[in-house]
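Below, read A as the first sequence line, B as the second, and so on, with proteins coming before strands; counting in each chain starts at 1.
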2 protein chains.
Amino acid sequence: MQTKYRMVKDRIKERILAGEYQANQRIDSESQLMKQHEVSRHTVRMAIGELVNEGWLYREQGAGTFVQDKVSQKEEAVHTPKSIAIITTFISDYIFPSIIRGAESYLSEKGYQVSLFSTNNDSEKEKSILEKIIQQRFDGVIIEPTKSAYTCPNLSYYFQLEKQQIPYIMINGYYEELEPAAFVINDEKGGFIQTEHLIERNHREIAGFFKTDDRQGVQRLKGFIKAHRKHSIDINPEHIITYTSEVKSTKPLEELKKLLDHRLITGIVCYNDELAVLMLNELRTRKMAVPSQISLVGFDNSFLSEATEVKLTTIEHPKNELGYEAAESLVSIIENPEQTSLEMKQYEPKLIIRKSTSYAP
Amino acid sequence: MQTKYRMVKDRIKERILAGEYQANQRIDSESQLMKQHEVSRHTVRMAIGELVNEGWLYREQGAGTFVQDKVSQKEEAVHTPKSIAIITTFISDYIFPSIIRGAESYLSEKGYQVSLFSTNNDSEKEKSILEKIIQQRFDGVIIEPTKSAYTCPNLSYYFQLEKQQIPYIMINGYYEELEPAAFVINDEKGGFIQTEHLIERNHREIAGFFKTDDRQGVQRLKGFIKAHRKHSIDINPEHIITYTSEVKSTKPLEELKKLLDHRLITGIVCYNDELAVLMLNELRTRKMAVPSQISLVGFDNSFLSEATEVKLTTIEHPKNELGYEAAESLVSIIENPEQTSLEMKQYEPKLIIRKSTSYAP
DNA sequence: TCCGATTTGTTCGTATGTATG
DNA sequence: GCATACATACGAACAAATCGG
C-alpha cells in the first residue's frame, strides 16, 4: 500500500540518489518537508525515521538532518559492533593496567568493544595477532610494539593494515621506519632529566641501567649520555648497564652487585620504577642508606614509587591520559577518515622529586 | 537522559531477558502497556519501535507484538571466531593484571579472542555489558561480579545467559542465589588464618579492616570473628572497621588514625595488601615500628607485599593460576557442553610469613 | 462467511523540551 | 539572547489486519 510517509520517504531517497543532496549535506528541515509534501510533521518524521534506520540519513538535534556518506554505510554490511584491538607486549602488573584503564574507559563510552592481545615480546606472536586482526577486520588497533628498538620484522603486516584502512596507533614506542601515529613519552629527555637531576646534586659517579630491546630504553640511555656531555662529565663505560626483557629480573641486579663490590657510585639512574625497587632492595640488604649514601632515580611514577619507605624520585608517566588520548585519537580517525592527520604526540617528561635522591655524599 | 519511552523500552527489554515473555510469544498489547506505564500510545509505540529495530521484537498488524526468537537468528554469528568476555569490576593496578594474564594466556593459546569489560562496580553498567554479551552471542564469560555481597540485581540477565547457553564462570566472588560455577578463595578461612596467626603470637587487641560490599570482605570478616571465638577472645566492636569501594582510600585510614589515637592495638588484619601498604604508611609517619610495636597482616600476596621495606606477612592468592584455570574450565564447558559439571573451585588460603608480624609486645 | 472485538498502522493536531549556531 | 532545528510527549481519529465465535 502506498502510504503518505512512504511516498515522502521515497521522494527523499530519490533526491539523495540523484545527487541532489550530497554526502554530509543538510537536507530540508522537517517543517520545509511538511510544506513541500503537504503532510503533518509526524508523517515527515516517520519517513525520515525509516531512512535513518536504513542508514541513508542521520539526525542531529538543533542542527538538522544530514545525508549519511558511503563510508559509514560500509559498517552496515558488516553489522558487527565496532571493535578495537589493544596489543601489549606483556600484561604486566606494572603501568600497563593504567594505560588499559584509560583506553577502555573512553572506548566503552563510545560504544566500542575492546579485545586484548599480548605478544609476550615475541615478534612471531605479534605477527600472528596482526594476521588475526586483518582477517577479522577490526576497526582500529592500539599497539605497543614488540622490541621497538630493532627493525620491525612485521613491516608488511603494518602496510597491510594501512591498505585495509585499519588505523593503528602505537604507544610507548614505535618503529622508526613506519613513521606511525604514536603516543609516546620523550624518553630521551626523560633520561636526560633523570641524569641531570643527579649531576646537579653533585653526583659524578652515576650508574645507568637501561633495557635496550625497546625504543624507550635506547632513548633514555641517549639522554643519560647527553646529560653527561652537557656537563662535561666523563662516563665510565662500566657504569652503563644494558639488558633485555628476558633477563630483566637477573642481570641488572647482578651487575649492580658487581658495581657495588668494586666501584664507588653515588647515584643510579633506573630504566623504571620496577627496577628501582629491585635495586632498593639490594641496597637495603647491604645497609646502604638511600639517599644519604646513594641516590636512586626511577621512571614512570608508578604506585611502586610510593609503596616503598623511601619514596622514589621518578619521572611522571601519563599512563591513564596516554591510554585515553590514544583511544580518543584512534576513534577520531575511524569516524573521520578524511582528516588523516596521523601525528605523533610526545609527552614531555617531568621530574617528581621525592626522597630517594639528595646531594652526593 | 532518562526519557519516558526509554524507560518503557527498558522495562519491556527486562521482561524479555527475564524470560517473562518467551520466544515468539505475544507481549502485552499497546493499550495494556499504556495503562501499565501510564503513558500515551505514542510513547509506547516509540519504545516498541526501537526494540523492533534492535531485533528484540516484531510486530504483526492485527495480531500483536511478539518476541523475536534469537536462536533462529544464530546463523549470522557462525563465522566469527570464538570469543570470550572478561568482565571485571575495576581495571586496577592491583591483582587484576595477574588474573587477566593467566586467562589470556590460556585462551589465546586455544584460539579464543578475549574482550575486556569493566563495570566500575556499578550494577547498571554490569547490566548493559551483559546485554551486549547476550546480543553479540559471546561463547563464554568470565566475570568478577559487581558488589557480590548484595543481592544480584541482574539475576534475569544471568538466567538469560543460561537460556542462551552462554556459559559463565565467576571469579573472586559470586552471588549466593545463582549457585554459579565459580573460582574463588576460601575467604572465610583466609580471614581466619590471618587472625589466628596474630592470636597465636599473643596479640589480643586486633583491629580488622574489611571492604564489605563484595563477598570476599564479608567472608574474611566472618573468619576474623571465628578466630576470636575459637580462642575465646572478646572482640571490641570498635576494632572492626568496614567500608565500601567508594571510600576505600579514605575511610579505613581515618579510622586507623582514630584507633591509634585512642586505643591500644597491637595487630591489624587488613582486607588486602593494598590497604596494608596504606596503613604501613601511616605507621611510618607515626614512627611506630613494624612489627616490634604493631603487627600487620595483608591478603593477596601481591607484588606490593615485597616492594616495601618491611615485607608483608600475607595470604597467598593464586592470581595467575585462578585466571588460567577459570579459562580452562570455561573452554572445557564450551567444547563439551554435555558434561555440564559446573562446580565451584575453592582455593585454600595459605599464610606467607614475612616480616610484618611478630609476637605482641 | 460475516461480525465484532482487538490490535497494530497511519495521520492529523498541539505543546513543550533541548541542542545548535 | 534569539531563531531554528530536532526530541519527547500528550490527545484523537480512522484504517487495516487478525482472530474467535
K.L.:
Please report the distance, rounded to the nearest Å, between CZ in B/F66 and P in C/dT6.
P.N.:
17 Å

K.L.:
Does a side-chain N or O from B/K4 land closer than 4.0 Å to OP1 or OP2 of D/dC10, or not?
P.N.:
yes

K.L.:
Calculate the interatomic distance between A/M46 atom CE and C/dG13 atom P; express it in whole Å.
P.N.:
15 Å

K.L.:
Calculate the interatomic distance between A/E30 atom CD and C/dT11 atom C1'; express it in whole Å.
P.N.:
15 Å

K.L.:
Determine: side-chain N/O of B/R41 to OP1/OP2 of D/dG11, distance under 4.0 Å, yes or no.
P.N.:
no

K.L.:
Starting at CG of A/L57 and ending at C1' of D/dA7, how long is that distance when rounded to a whole Å?
P.N.:
16 Å

K.L.:
Specify the separation, in whole Å, of atom NE2 of A/H37 and atom P of C/dT10.
P.N.:
17 Å

K.L.:
Between C/dT10, D/dA9, D/dC6, which nucleotide has the shortest distance from any of its atoms to the side chain of A/R45?
P.N.:
D/dC6

K.L.:
Of the nucleotides C/dT8, C/dT11, D/dA5, which one has an atom closest to the side chain of A/T3?
P.N.:
C/dT11

K.L.:
Let me know the distance between NZ of A/K9 and P of C/dT11, rounded to the nearest Å.
P.N.:
13 Å

K.L.:
State which of C/dT11, C/dT8, D/dT8 makes the closest approach to the side chain of A/Y5.
P.N.:
C/dT11

K.L.:
Does the ring of B/F66 carry B/R59 above it, NZ/CZ under 6.0 angstrom from centre and within 45° of its axis?
P.N.:
no

K.L.:
Kindly say if A/T65 contacts the phosphate of D/dC6, meaning a side-chain N or O under 4.0 Å from OP1 or OP2.
P.N.:
yes

K.L.:
Output one line per pair: protein atom, nucleotide atom from nucleotides 17-21 of chain D, and distance, for all N/O pairs under 3.5 Å.
P.N.:
residue: D/dA17; atom: O4'; partner: B/Q61; partner atom: OE1; Å: 3.4

K.L.:
At under 4.0 Å, does any side-chain N or O of B/R26 touch on OP1 or OP2 of C/dT7?
P.N.:
yes

K.L.:
State which residues pass side-chain contact (heavy atoms from CB on, under 4.5 Å) with A/Q136; sequence neighbours excluded, sorted by chain then number.
P.N.:
A/K132, A/F138, B/P81, B/Q113

K.L.:
Could I get the full list of side-chain contact (heavy atoms from CB on, under 4.5 Å) partners for A/K350, not counting sequence neighbours?
P.N.:
A/E316

K.L.:
Please work out if B/S29 contacts a base, only the sugar-phosphate, or nothing of the nucleic acid, heavy-atom cut-off 4.0 Å.
P.N.:
sugar-phosphate

K.L.:
Establish, with yes or no, whether the OP1 or OP2 oxygen of D/dA7 is under 4.0 angstrom from a side-chain nitrogen or oxygen of A/R59.
P.N.:
yes

K.L.:
Answer yes or no on whether B/K248 is positioned over the face of B/F90, meaning its NZ or CZ is under 6.0 Å from the six-membered ring centre and within 45° of the axis.
P.N.:
yes

K.L.:
Kindly say if B/T43 contacts the phosphate of D/dC10, meaning a side-chain N or O under 4.0 Å from OP1 or OP2.
P.N.:
yes

K.L.:
Mind checking ring pair (Phe, Tyr, Trp, His ring centres under 6.0 Å) for B/Y94 and listing every partner two or more places apart, or none if nothing turns up?
P.N.:
none

K.L.:
Rounded off to whole Å, could you give me the NE2-to-P distance for the B/H42 and D/dA7 pair?
P.N.:
11 Å

K.L.:
Starting at NZ of B/K35 and ending at C1' of D/dC10, how long is that distance when rounded to a whole Å?
P.N.:
18 Å

K.L.:
Quick one: which residue pairs count as a salt bridge (Lys or Arg N to Asp or Glu O under 4.0 Å) with a foot in residues 141-168 of chain B, not counting sequence neighbours?
P.N.:
B/K147-B/E246

K.L.:
Which residues pass the ring pair (Phe, Tyr, Trp, His ring centres under 6.0 Å) test with B/Y112, not counting sequence neighbours?
P.N.:
none

K.L.:
Check if the side chain of B/R6 and the base of D/dA7 share a donor-acceptor pair of N or O atoms closer than 3.5 Å.
P.N.:
no

K.L.:
Verify whether one side chain among A/Y5 and A/D10 offers a donor that lies under 3.5 Å from an acceptor in the other.
P.N.:
no

